[in-house]
Amino acid sequence: METATATRAPPSWATRLAALLQRRSVLPTLLLIPVLVFFIIWNTMPTLWLLGLSFYRFSLTSGRPPRFTGFGNFQSILQDSEVWLALSRTFLFVFSAVGIETVLGLLLGLLFWGSQRLPGRRVALTMLFTPMVLTPVAAGTFWRLIYDPTFGVLNAALRGIGLPSVNFLGNARTAFGAVLAVDVWMWTPFMVLMTLAALASVPKAELEAAEIDRLSWLQRLRLVILHHGKFILLLGILLRTIDAFKTMDLIYDMTFGGPGSTTELVAIMLYRRAFEVFAMGWSSALAVILLLISIAFTATFIFVLHARERRSQDVPT
Amino acid sequence: MSRIAIEGIAKSFGRHRVLDGVTLDIPSGSLTVLCGPPQAGKSVLLRLLVGLETLDAGRITIDGQDLAALTPAQRSIGYVPQSFALLPQMSVFDNIAYPLRMQKSPNDEIRRRVGEAAAVLRIGGLLEKRPDQLSGGEKQRVAIARGMLKQATVFVLDDPLVGLDFKLREALMDDLKDMRVALGATFVYATSDSLEALAMADRLAVLDAGRLIADDGPDQVYHAPPHLRAAELIGFPRCNLVAGRAGGGRCATALGMVRLEGEGEVVLAIRPEQIRFTDVQSGGLHGVGHVALIENLGADSVVHLDVHEIRLVAIPTTESVAGLDVGDEVAFAIDPASLSVFGAASGVRLMQGASS
């Protein structure tokens, strides 16, 4: 009798769970939940909070509760000449950095690609990629030491060849260039990587045929390599643009926007107004504007990618 | 006039010896087919000819001029790789014209010369299309047209028909022969398909594991293969190989005796069409086999026979196949005069044609 009731008893929780997991949609959903929860708590909610805060006047130092001002913060930002200066400085920084990184990355990438059988190539590549894996704050710190006017290695070298030492980061005329140079040093490897990926997508036979058909090196680069590699290169340029626009941690440790405001990019300005002046409402509004600019970059990128798909669908078969 | 002389060339990649002392003479205006199994070194030989690889040893000359000093661009060789390598973003016209355009030739000259090439290759109607709208055969002609504008006197084609369907391949093989006559150029053509090789070649060179094992007219290579591997590689259905032991002027095999000078282990190569189904036994090689399989090829039938421990492949006359069925017993005879005899270890041909 006992055995009979045992078989008729409802299945244990373990077998029911197993049956549930057998169903197609259950397991993927379960696996997605932790990421989704994390994303909502750490990304979506702060963004919404930020958006809400941008409509309030809220200073942490005044001790008064937040007061709704509508578009007041946005109005004050758009009328602030310092914001416009910081924005134009940022665009100058982004275009010079990404421009130099793209050209250098392309040249170095072609160099590495053309020297496949060179001994030591792998070691050189690994060394080249080291800056990219560093934390920007760490890179900023040791570049500040390299640039240091009294005991920095760069000035020691300058003095060694009989030149006067330069306070690279403290001089208003050199600071922007010095910071730019560090960004180039740090992110050129990324463009090398993208160039190598782009080159890997070029059909070898087309390049060889072009060589046999008497095309010069530059003509082969333009007609064959850039044709096949341009989308990967474009992807690299756009990723770098979006990222350079947010540059903050690299500069934070080198100049923190100074001297004066010569290296104050919008991200630095945002940080200062939020955590030095504690103008939380105003800073939130600036953050929202920067977010919109970033979204514009991203939208451009997605548009370009889709333009490629649309074109490939147009071709009649 | 472009006679290509390949003299003792060798090429290794790392430790792998891809070509090992290949000497080959390619007559001017010929269609020479390089045939061999995959990895035999055909593509590498073509790439050396074109200049995409450099020689380890030996030399290649065209009309006496050493190619080593010339870059791929300087050699008057048109190259049609397996993928055709047309630029996908350009029209057919631009694909043919871009080498001229890059050399800044005047526009009316470009148009005239592309028009001429298109007329010879019959692709006049395709000039506005893009490469991905073309069939494999059309792409091949566009790639050849590109070589024509380079004023190439030698065309190198690396297995250009692989992957195309049978009917198209037949049409293209005929086309290619016509094109060669129209262009008066020397064609070097690599393929791993021995039927394609036999159908196209006026000179057939067989490569195996980096060595040249045959170089002759296709009939000679087929009927009197100079090497055991050439007998194996060229021809379909495959050549029958029967082991034998020679000694005292005779050679004993599982199918009987033939007269043969020499000593030691040998291999007899018997083409399928040389096995006749007949009761008349005039000595030599003969026997009775069980039909294991009959394959219908349309005009002919391929009959697989089990004789003792040996599986023979035969293409008998149509009359002798009529009424034949699997499991039947059938008597056959082989004319010893058509045999090729090779050393079992060396693979070298010892004699052509034996007597009973």
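Chain letters run A, B, ... following the sequence lines, proteins first, then strands; residues in each count from 1.
Neither the backbone nor the side chain of A:L207 comes within contact range of chain B; no heavy atom of the residue lies under 4.5 Å from a heavy atom of that chain. Within the 4.5 angstrom heavy-atom criterion, only side-chain atoms of B:L52, from C-beta onward, approach chain A. Looking at B:L86, the atoms closer than 4.5 Å to chain A (heavy atoms on both sides) all sit in the backbone: N, CA, C or O. Contact of B:R47 with chain A is made through the side chain alone, with heavy-atom distances under 4.5 Å. Residue A:L215 touches chain B through its side chain alone, counting heavy-atom pairs closer than 4.5 Å.
Side-chain contact between B:F187 and B:V154: absent, with no pair of heavy atoms (C-beta onward) separated by less than 4.5 Å.
A side-chain N or O of A:H228 and one of A:E206 form a donor-acceptor pair less than 3.5 Å apart. For the 3.5 Å distance criterion, the side chains of B:E196 and B:T191 qualify, holding a donor opposite an acceptor. Side-chain polar atoms of B:D66 and B:T61 form no donor-acceptor pair below 3.5 angstrom.
B:F155 has its ring centre no less than 6.0 Å from the ring centre of B:Y79.
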